[in-house]
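Presented below is the structure to which this report refers.
Atoms considered below: every heavy atom in the structure, side chains included; atoms not considered: hydrogens, waters and symmetry mates. Everything numeric in this text was worked out from a predicted model, so none of it was measured.
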Amino acid sequence: MAGFISDEDIAKVREATDLVGYIGETTPMRQKGRDFWCCCPLHGEKTPSFKVDPTTQLWHCFGCGEGGDAFGYVMKTEDLTFPEAVRKLAERAHIDIAEAPGRGPSVSSNKKSRLKAVCEETASFYHLQLMRGKTDGAARARSYLGGRNLGGPVPNAWNLGYAPGSGSLVRHLYSKGFTNQEMLEANVATTGRYGKVRDRFFDRVMFPIRDVAGETIAFGGRIMGQGEPKYLNSQETPVFHKSQVLYGLDKAKAAMASTGVAIVVEGYTDVIACHQAGLTNVVATLGTALTRQHIRLLSRHAKTAIVYLFDGDAAGQRAADRALQFIDSSMTPEGARTPIELRAVTLPDNLDPAEFLEQRGVDELRQVIDGARQLLRYGIDRRLEKHDLGRAEGRSRAMADALNVLAPIKDSLLAQQYAIEIASMTRMPEQQALDALAKLKPPSTRPHDDDLGSAGLGVGGQSAAPAAVPAVDVTQLPESEINRRRCERKLICLAAMNPQLALGHASALAATNWHGRVNGMLAEAVLDALVDDPSATPAAIVTRATQTVPSAGGMLTDTALDPGVTPEDMMAFLEEELAMGDVQDTIDGIKAQLRDSQGVSPQDQDELFQMATLLQKDLEARRARRRSV
């Protein structure tokens, strides 16, 4: 079992890795000035927006907003953890990692191994209950699976099980040496009344969920009769993140690689039914819509196409509408860089894949899949089908609805061609469709500032925020607050990329009242890194910050400055701007106290008024000096 990787070994690996050379092994790069540029390996694009700075050994994509050091690059492109990325680069550089038990990463690694062991033992227990259980519940579970063509070899092939509940699992795991805390963290147990630990799943057919390597990390439980919820899934745990896991991928990845195609359905039983019928390149999402993380994961195995196979019922249609979020410039001839293509198709007659296979067979299902349309065309056709094209009003609404699908690519030649087609299908003038297309507003790539992306800084991208930091909808913030958070983020970026300069401004950084919670977390991480090592490099600071804020790399590497502006001048400007903002916050707070003066003595009111007056004069003087510069 891997142990703690020391800071010294991490530094050795970082110093031995030339980021330009490493990325250049798989991606053509071109030098412009001191920096190197290429098309981003993380998203499809034609014009290079991915920059590597050989001096700082950091990278940033101005298209998707991602960024970081060499370890971050390996983590994002190969779906590895931080220790795994360190070990991969260490092996490449022929550096021996001396690993030993200790604090930090070793705790996380050991914990994950223990939680996976809990899940594996739980799966074995459930499977034994299904196959050999003598209770009425176990018999009903076997009957339920048999009635859905999931009997015979299926339970063994997919390690299906039955959860009897009544504390039986907790007692079994305890006998195997697992603690209550480990059962709770693996989410196979919960705390009941009076703090007693009890089984999470009761009287359900169980579907173990495995990661791409085939290790059990979570569960889905299906009720056998009436009741809600019909499916009870594991919650997020340190080893299970449902937006990044696909059911059946461990079994489907080989077929995806050989066929070049991945098929995504919506349920566990659909995946199993497809595999049993010979369609072994099928996976399912886990109670969520398809995510970009899913697409990136599938693209590692399927190189030609990802086909989203939607159920024909209302829920399936809602899922189809959500899938249109993946329409972007990578689908255009100008932006496409890789052959992977997103396609979609809806099953007829409100059927799901398992029902379709039972009623019509695998050959007809293959025909449906082969008829899947490119996602852009699928979205347009879906919008047109919603309207009555036999009436003028219906045609007008249909054109507007279908054109909205093109909003993310409105400036492309492909969008113009589709707009002309839409005009033809709705019997509307071509120029009217083109004019309407030109007026469309592209959707925001980041509607929420979760304080972990680059919201408000002029770059795109999506980042996963820690659960402890709720998302903030920037559209609900006043412009002054958005500008404040921009300034905070820019100052932190400058500090991280200019450590020696940051040392001279450490007091100001520590005294700033950060409005963005993650901005405060980033600032603290930067300061901690400098306190521990005043000679820390930008790459070392990014590595340190990423351990606190997973997406710190993308934020801290976004350091573009206007021509002619030095880091020194910009840092001094931002420091003064934030300081004045803090003074204004104090004044506003005093005014609020004076308005709500209940319980405040007249003497205290007078002192507060005088303090606000002095602060206001100081603020006006500072603003005057700023204007005179």
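Here the CE-CG distance, from M131 to N159, works out to 10.0 Å after rounding to the nearest 0.5 Å. A distance of 11.5 Å separates OG1 of T122 from NZ of K176, quoted to the nearest 0.5 Å. To the nearest 0.5 angstrom, R210 atom CZ is 6.0 Å from D250 atom CG. One finds the CG atom of L169 at 12.0 Å from the CZ atom of R200 (value rounded to the nearest 0.5 Å). If you take OH on Y174 and CE on M183, they are separated by 8.0 Å, rounding to the nearest 0.5 Å. In this structure, CZ in F202 is found 10.5 Å from CZ in R204, a value given to the nearest 0.5 Å.
Residues Q359 and L351 share a closest heavy-atom pair of NE2-CD2, 3.6 Å. Taking each heavy atom of L365 and C274 in turn, the nearest pair found is CD2-SG, 4.2 Å. What you find for V239 and K116 is that their closest heavy atoms are CG1-CG, 4.2 Å. Taking both residues in full, the closest heavy atoms of A218 and C119 are given as N-SG, 4.2 Å, listed atom of the first, atom of the second, then distance. Taking every heavy atom of both residues into account, G67 and T557 meet most closely at CA-OG1, 3.6 Å. For the residue pair V212 and K253, the shortest heavy atom distance occurs at O-NZ, 2.9 Å.
Salt bridge E25/R92: present, at least one basic N to carboxylate O contact under 4.0 Å.
One side chain, Q181 or E185, offers a donor N or O that lies under 3.5 Å from an acceptor on the other. Side-chain contact of T543 with R14: a donor-acceptor pair under 3.5 Å is present, judged by distance alone.
Considering only heavy atoms from C-beta on, V264 comes within 4.5 Å of L298 through its side chain. Within the 4.5 Å cutoff, no side-chain heavy atoms of T269 are placed close to those of R148.
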Begin with the C-alpha distance, continue with both residues' side-chain angles, and end with the deciding distance and a verdict on ring pair (Phe, Tyr, Trp, His ring centres under 6.0 Å) for W59 and F50. CA-CA 7 Å; W59 59 275; F50 186 101; 5.1 Å; yes

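The closest donor-acceptor contact from the side chain of K76 to the backbone of E66 lies at 3.5 Å or more, if one exists at all. In this structure, the side chain of E355 engages the main chain of D352 through a donor-acceptor pair within 3.5 Å. Under the 3.5 Å distance criterion, the side-chain polar atoms of R373 are left unmatched by any main-chain donor or acceptor of V345.
Ring geometry for F62 versus W37: interplanar angle under 30°, hence parallel rather than tilted (30 to 60°). Ring geometry for F71 against F82 counts as perpendicular: the plane angle is over 60°, on a 0 to 90° scale with 30° as the lower cut. Relative ring orientation between F207 and Y268 is described as parallel, the plane-to-plane angle staying below 30° on a 0-90° scale split at 30° and 60°.
Residue I263 forms a side-chain contact (heavy atoms from CB on, under 4.5 Å) with just one option from N281, I306, V283, T280, and that option is N281.
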